[in-house]
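Before any comments, here is the structure.
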Amino acid sequence: MSIKKIIKISFILILFIIAIIGIINTIIIYQIKENNLTKQSITNLVFMQERMNELLKDMINLDSIDKLDKYKDDFTKYELEFEKIQDAFKEQDKNDLIDFFISDIQKNEIIAIKLALLFESEQEIEKAFDTIYSLQENKIEIIDEFNRNYPIENELRLKLNHEISERKDFNLSQLFGDVKYYSKEVLYQKRDKETFDKWLGKIQLLKNSLNIIDTQKYLEIVTKVGSDVVKIKNIEDQEFDIRNKSFNIINLNKTYSSEMEDKIEKLSSDFINITYFSILSLLVIVISFLMILAYKVYKNVGLSVDEIETKVEDGLTEITNLNHEIENTQKEVVFTMGAIGESRSKETGNHVKRVAEYSKLLALYYGLDEKEAEMLKQASPMHDIGKVAIPDAVLNKPGRFDEAEREIMNTHAALGYEMLKHSNRPLLKTAAIVANEHHEKWDGSGYPKGLSGENIHIYGRITALADVFDALGSDRVYKQAWNDEKIFNLFKEERAKHFDPKLVDIFFEHLDEFLKIRETFKDKF
């Protein structure tokens, strides 16, 4: 085969490999997004079941049919929302273009089994709700009847007590004492059929000894009242058993959810590692082909020096283009992943652009060289990548966090670092530092490690100031944008507290440049 043909084939192969690298990068971003959606859907399913179970639990204490119907309507809403999410999972099961490269994560055997169990348990909760609804409906009717009859029982018992007291008969008083004892046991203590039967027996003995019309009436009303009490107790026992079974289902589903999330995390990690290895292998193949190509060129004496130089220059140009392509692809992946992290908290892509520009400007004036400043600019969009692991209920809460929510939110710095720390690539290593330390404060009151002063990496100190400046001047779900005067006053107050004092001085010395960046990349609605 001629050297010209070898070169032609090699270049075609190189272009083919570059295309494959681009496809792999696209799949990575798509898969990360789909995995996050799956995790959130699983969390939402468990949340819906918890709300349904809360309604089931509270329904036991309702005292009217109207309230019961209101709870049924609320339960139906959660039920429909659960089924909507379930249908979304079925829709995701349909094959799309990406499925030809990698199957949906919910098709994993373990996740599929747990999801099936989650869906089945929802039907159990529905059955439990329907059962308790019927029981509670019946109980309310019985309680209404009891409330009508109990005053009559109480009135007759007082009349009998007066009658027996007038007669001053010890045996009658003793019998009536037993009647009063068992009335308390049935109405307020045991409420079972055995004690109820004893109460009726004592009343019958009293009737045999005191055969008056009030005794007969008392026996009849007690038969109704006691029967209602026993029925109510039996219903409550059934409701208690059903409620406990529902609690067990919810606790089991939480376990399923946790297991599925752990499995998704592992699959995602394995997938990313495999794709990185694949890209590295492809690069090795490219370099090997180029080495072979160079060797063939060197060994082929039929080519003139000019031809050799031309071919070498073409090869070097292709290598340069390839390197630029790989570098640009890497930067694009980093920026896109950062934008995904921000978009989950309802923030715009322009936020990460502005933070990147501010960071580079601060780095240059601080004294970092052009290359390092550019590296920080490319890495800074990843500062909040850890937010992809924060539940939407916390991330997008329209108001202040409570203590538990704040603890969850504060984990995003360490989570981002864990995602990025394994890479040996300079850009991702820089991004790992930024993600981990951009919430540390100069006075040591920040998180996750409470670092202070120059123990905080300069990348973290720079990104912290850039991120806060842009966040304060932007609308968020939990606040309105601050005006400039308020922001500048805060920066002066936080000098040597939150922020590196030298960086605050740089900020104010070159304030017009920062404001120009903000204007250039302002959000458009």
Side-chain angles (χ1 to χ4, degrees), residues 55-72 75 127-247:
L55 291 174
L56 186 150
K57 179 186 72 174
D58 295 341
M59 189 169 64
I60 293 174
N61 301 316
L62 299 180
D63 57 3
S64 74
I65 300 299
D66 289 340
K67 293 179 181 178
L68 203 61
D69 289 339
K70 174 64 169 59
Y71 268 56
K72 187 173 184 179
F75 185 90
K127 292 178 182 177
F129 183 89
D130 291 339
T131 302
I132 288 186
Y133 179 89
S134 298
L135 290 171
Q136 190 65 17
E137 189 176 37
N138 188 26
K139 186 171 77 172
I140 290 171
E141 293 174 356
I142 295 172
I143 290 174
D144 289 342
E145 182 182 357
F146 172 83
N147 290 336
R148 289 192 299 271
N149 292 328
Y150 176 70
I152 300 173
E153 184 272 340
N154 190 53
E155 180 182 353
L156 287 171
R157 180 160 28 87
L158 292 175
K159 289 177 66 177
L160 287 173
N161 186 53
H162 178 74
E163 176 69 25
I164 292 170
S165 297
E166 290 290 324
R167 293 184 181 234
K168 301 185 185 299
D169 186 317
F170 175 77
N171 290 330
L172 285 176
S173 296
Q174 188 176 26
L175 275 173
F176 192 68
D178 291 341
V179 169
K180 290 193 290 184
Y181 169 78
Y182 281 107
S183 72
K184 292 179 181 179
E185 287 289 293
V186 171
L187 296 175
Y188 306 111
Q189 300 294 329
K190 296 182 180 179
R191 301 192 296 162
D192 59 1
K193 188 175 185 309
E194 182 180 354
T195 308
F196 174 48
D197 290 339
K198 290 179 181 178
W199 188 17
L200 290 177
K202 294 298 180 181
I203 296 172
Q204 187 63 50
L205 290 175
L206 179 66
K207 180 176 179 297
N208 293 339
S209 300
L210 183 65
N211 190 15
I212 61 177
I213 190 168
D214 284 342
T215 311
Q216 178 61 34
K217 289 180 179 179
Y218 186 67
L219 178 61
E220 292 172 357
I221 197 66
V222 165
T223 301
K224 295 177 181 179
V225 170
S227 177
D228 288 342
V229 170
V230 172
K231 290 177 183 177
I232 292 170
K233 178 63 166 57
N234 289 336
I235 289 174
E236 289 175 348
D237 289 342
Q238 292 179 62
E239 289 178 332
F240 181 78
D241 290 340
I242 295 171
R243 187 184 66 181
N244 284 342
K245 289 178 182 178
S246 298
F247 286 164

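- Using the six-membered ring where Trp is involved, Phe196 and Trp199 have ring planes that are perpendicular, over 60° apart on the 30 and 60° scheme.
- Of all heavy-atom pairs between Lys180 and Ser183, the closest is O-OG, 2.6 Å.
- Counting all heavy atoms, side chain and backbone alike, Arg243 lies closest to Ile132 at N-CD1, 4.4 Å.
- Asp197 and Lys193 are joined by a salt bridge, as a carboxylate oxygen and a charged side-chain nitrogen come within less than 4.0 angstrom of each other.
- Ionic pairing of Lys198 and Glu185 is not present here: no N-O contact between side-chain nitrogen and carboxylate oxygen is shorter than 4.0 angstrom.
- At distances below 3.5 Å, at least one donor-acceptor pair connects side-chain atoms of Thr223 with backbone N or O atoms of Leu219.
- Nearest heavy atom pair, residue Thr215 against residue Leu206, reads CG2-C, 4.2 Å.
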(message) side chain to side chain contact (heavy atoms under 4.5 Å, CB included), that's the test. Do Ile142 and Ile235 meet it? Break it down for me.
(response) CA-CA 10 Å; Ile142 295 172; Ile235 289 174; 3.9 Å; yes
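- Relative ring orientation between Phe75 and Phe129 is described as parallel, the plane-to-plane angle staying below 30° on a 0-90° scale split at 30° and 60°.
- The shortest non-hydrogen separation linking Leu156 to Asp214 is CD2-OD1, 4.3 Å.
- A distance of 3.5 Å separates CG of Asp237 from NZ of Lys233, quoted to the nearest 0.5 Å.
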(request) In sequence, state the C-alpha distance, the side-chain angles, and the governing distance for Ile143 and Ile232, and then conclude on side chain to side chain contact (heavy atoms under 4.5 Å, CB included). (result) CA-CA 7 Å; Ile143 290 174; Ile232 292 170; 3.5 Å; yes
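- Counting non-hydrogen atoms of neighbouring residues, nucleotides and ligands closer than 6.0 angstrom, the NZ atom of Lys224 reaches no more than 12 such neighbours.
- Atom NZ of Lys72 and atom CG of Leu62 lie 13.5 Å apart (nearest 0.5 Å).
- Minimum heavy-atom separation, Ile221 to Glu153: CG2-CA, 3.8 Å.
- Without hydrogens or angle criteria, Asn138 side chain to Ser134 main chain gives no donor-acceptor distance under 3.5 Å.
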(request) Start with the C-alpha distance between Leu175 and Ile164, add both sets of side-chain angles, then the distance that settles side chain to side chain contact (heavy atoms under 4.5 Å, CB included), and finish with yes or no. (result) CA-CA 10 Å; Leu175 275 173; Ile164 292 170; over 6 Å; no
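- In this structure, a donor-acceptor pair under 3.5 Å is absent between the side chains of Lys207 and Gln204.
- Side chain of Ser209 to main chain of Leu172: no donor-acceptor pair is present (N/O by atom type, distance under 3.5 Å, no hydrogens or angles).
- The line from NZ of Lys184 to OG1 of Thr195 is 15.0 Å long, rounded to the nearest 0.5 Å.
- Counting heavy atoms of neighbouring residues, nucleotides and ligands inside a 6.0 Å radius, atom CG of Leu158 exceeds 12 of them.
- Between the NZ atom of Lys190 and the OH atom of Tyr182 there is a distance of 7.5 Å, given to the nearest 0.5 Å.
- The line from CD of Glu239 to CG of Asn234 is 11.5 Å long, rounded to the nearest 0.5 Å.
- Scanning all heavy atoms of the two residues, the minimum distance from Ile242 to Leu135 falls at CD1-CD1, 4.0 Å.
- Within a 6.0 Å radius of CZ in Phe240, other residues, nucleotides and ligands contribute 12 heavy atoms or fewer.
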(request) Apply the test salt bridge (charged side-chain N to carboxylate O under 4.0 Å, His left out) to residues Glu155 and Lys159: give CA-CA distance (whole Å), side-chain angles for both, the deciding distance (0.1 Å), then the verdict. (result) CA-CA 6 Å; Glu155 180 182 353; Lys159 289 177 66 177; 5.6 Å; no
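- A distance of 10.0 Å separates CG of Leu210 from CZ of Phe176, quoted to the nearest 0.5 Å.
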